[in-house]
Amino acid sequence: TAAGPALLDRAARAAGARLVQVPTDYVFDGHADRPYAEDAPILPRSAYGRTKASGEWAVRAGAPDHLVVRTAWLYGAHGGCFPKTIARVAAEKGGLDVVADQVGQPTWTADLADLVERLVASGAPAGTYHGTSQGRTSWHGFARAAVAAAGLDPAIVRETTSEKFVRPAPRPAYSVLGHEALRAAGVERIGDWAARWEAAAGSVLA
Ligand SMILES: NC(=O)c1ccc[n+]([C@@H]2O[C@H](COP(=O)([O-])OP(=O)(O)OC[C@H]3O[C@@H](n4cnc5c(N)ncnc54)[C@H](OP(=O)(O)O)[C@@H]3O)[C@@H](O)[C@H]2O)c1
């Protein structure tokens with residue numbers, strides 16, 4: 001239903017604020033071979049993706065001034081996240097297997113927060129934007145970067161496949177998002193994932 005977002009939109013306007021919703025790459029089917037454009041057809045494959053997709057539509061229908069900012073592969077200093085878990089398990093076990101056939105854009109929560117702030121401050125047109133880093137890697141590639149930042153040998157992270165490492169819910173194989181809408185709005189994109197991880201690793205793994 002669009003009633004919730006419509007009420008939030010009204011409250012936001014009254015407060016001089018703007019409604020920003022943060023959905024996910026999981027709204028896409030994950031079968032693409034080039035970055036998903038902001039207006040690419042959505043086709044979620046999991047219950048999570050379906051609820052996030054219906055949230056997007058509710059916001060579009062109920063909140064005319066919305067900013068829908070899809071993000072993915074988040075990590076940050078607060079709470080649990082992939083690189084923290086990988087660094088801990090690598091130190092405990094001395095080695096681990098990580099899937100190399102799912103690719104995406106590891107994104108620092110601090111960068112996403114900064115991007116959202118800049119989008120709002122710039123008065124960007126209502127619509128859908130992608131808030132992820134540039135470039136791409138696999139979970140295996142990201143795990144190696146995490147292990148290296150923890151001062152361990154990245155070679156202890158071995159490659160595996162989604163077929164061997166089965167999870168209860170399907171995960172998109174291809175989660176690379178394009179950033180054309182940011183470019184069109186004149187809002188600077190987040191940098192390359194590897195350079196941003198270099199900048200973030202000290203505070204995330206502290
Ligand atoms: N993590 C990602 O890579 C990613 C990617 C794309 C989009 N997102 C979206 O980002 C949002 C946050 O995700 P996250 O990964 O940060 O999740 P998270 O770490 O599980 O955090 C969820 C937060 O929501 C709060 N919360 C949960 N149920 C609530 C309720 N009924 N009422 C009030 N607060 C409630 C939790 O509070 P407590 O701490 O008190 O439990 C927690 O602070 C979600 O909408 C998710 O779909 C995340």
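Whatever order the structure lists them in is the order used to number ligands and atoms, beginning at 1.
In this structure, K84 contributes its side chain and A206 its backbone to no donor-acceptor pair below 3.5 Å. Proximity of a side-chain donor or acceptor of H66 to a complementary backbone N or O of V20 within less than 3.5 Å is not detected. Using modelled atom types, one side-chain atom of D101 and one backbone atom of S162 make a donor-acceptor pair closer than 3.5 Å. Without hydrogens or angle criteria, T107 side chain to S133 main chain gives a donor-acceptor distance under 3.5 Å.
Within a 4.0 Å radius of atom 25 (C) of ligand 1, the protein has no heavy atom. Atom 45 (O) of ligand 1 lies below 4.0 Å from at least one non-hydrogen atom of the protein. Of the protein's heavy atoms, none falls inside 4.0 Å of atom 12 (C) of ligand 1. For atom 42 (C) of ligand 1, no protein heavy-atom neighbour is present inside the 4.0 Å cut-off. Not a single protein heavy atom sits closer than 4.0 Å to atom 28 (N) of ligand 1. When distances from atom 35 (C) of ligand 1 to the protein are checked, no heavy atom turns up under 4.0 Å.
Ion pair R196/D192 not flagged as a salt bridge, since none of the NZ, NE, NH1 or NH2 atoms sits closer than 4.0 Å to an Asp/Glu carboxylate oxygen.
Contact atoms of ligand 1 toward T24: 6 (C), 7 (C) (distance under 4.0 Å to a heavy atom of the residue). Ligand 1 places these atoms under 4.0 Å from at least one heavy atom of W73: 3 (O).
Atom 9 (C) of ligand 1 has as its closest protein heavy atom V22 O, 3.6 Å. Here the protein heavy atom with the shortest distance to atom 47 (O) of ligand 1 is Y48 OH, 2.6 Å. Nearest non-hydrogen protein atom to atom 6 (C) of ligand 1 is T71 O, 3.2 Å. Among all protein heavy atoms, the one lying closest to atom 3 (O) of ligand 1 is L74 N, 3.1 Å. For atom 7 (C) of ligand 1, the nearest protein heavy atom (residue, atom name, distance) is P23 O, 3.3 Å.
A side chain to side chain contact (heavy atoms under 4.5 Å, CB included) with Y26 holds for exactly one of R171, K52, R70, R45; it is R171. Test W73, Y75, F82, W108 against W197 for ring pair (Phe, Tyr, Trp, His ring centres under 6.0 Å) and you get one pass: Y75.
Only side-chain heavy atoms of K52 come within less than 4.0 Å of ligand 1; its backbone N, CA, C and O stay farther off.
The distance from atom CG of L19 to atom CG of D65, rounded to the nearest 0.5 Å, is 9.0 Å.
Side-chain contact check for H179 and Q134: at least one donor-acceptor pair (N or O, by modelled atom type) lies under 3.5 Å.
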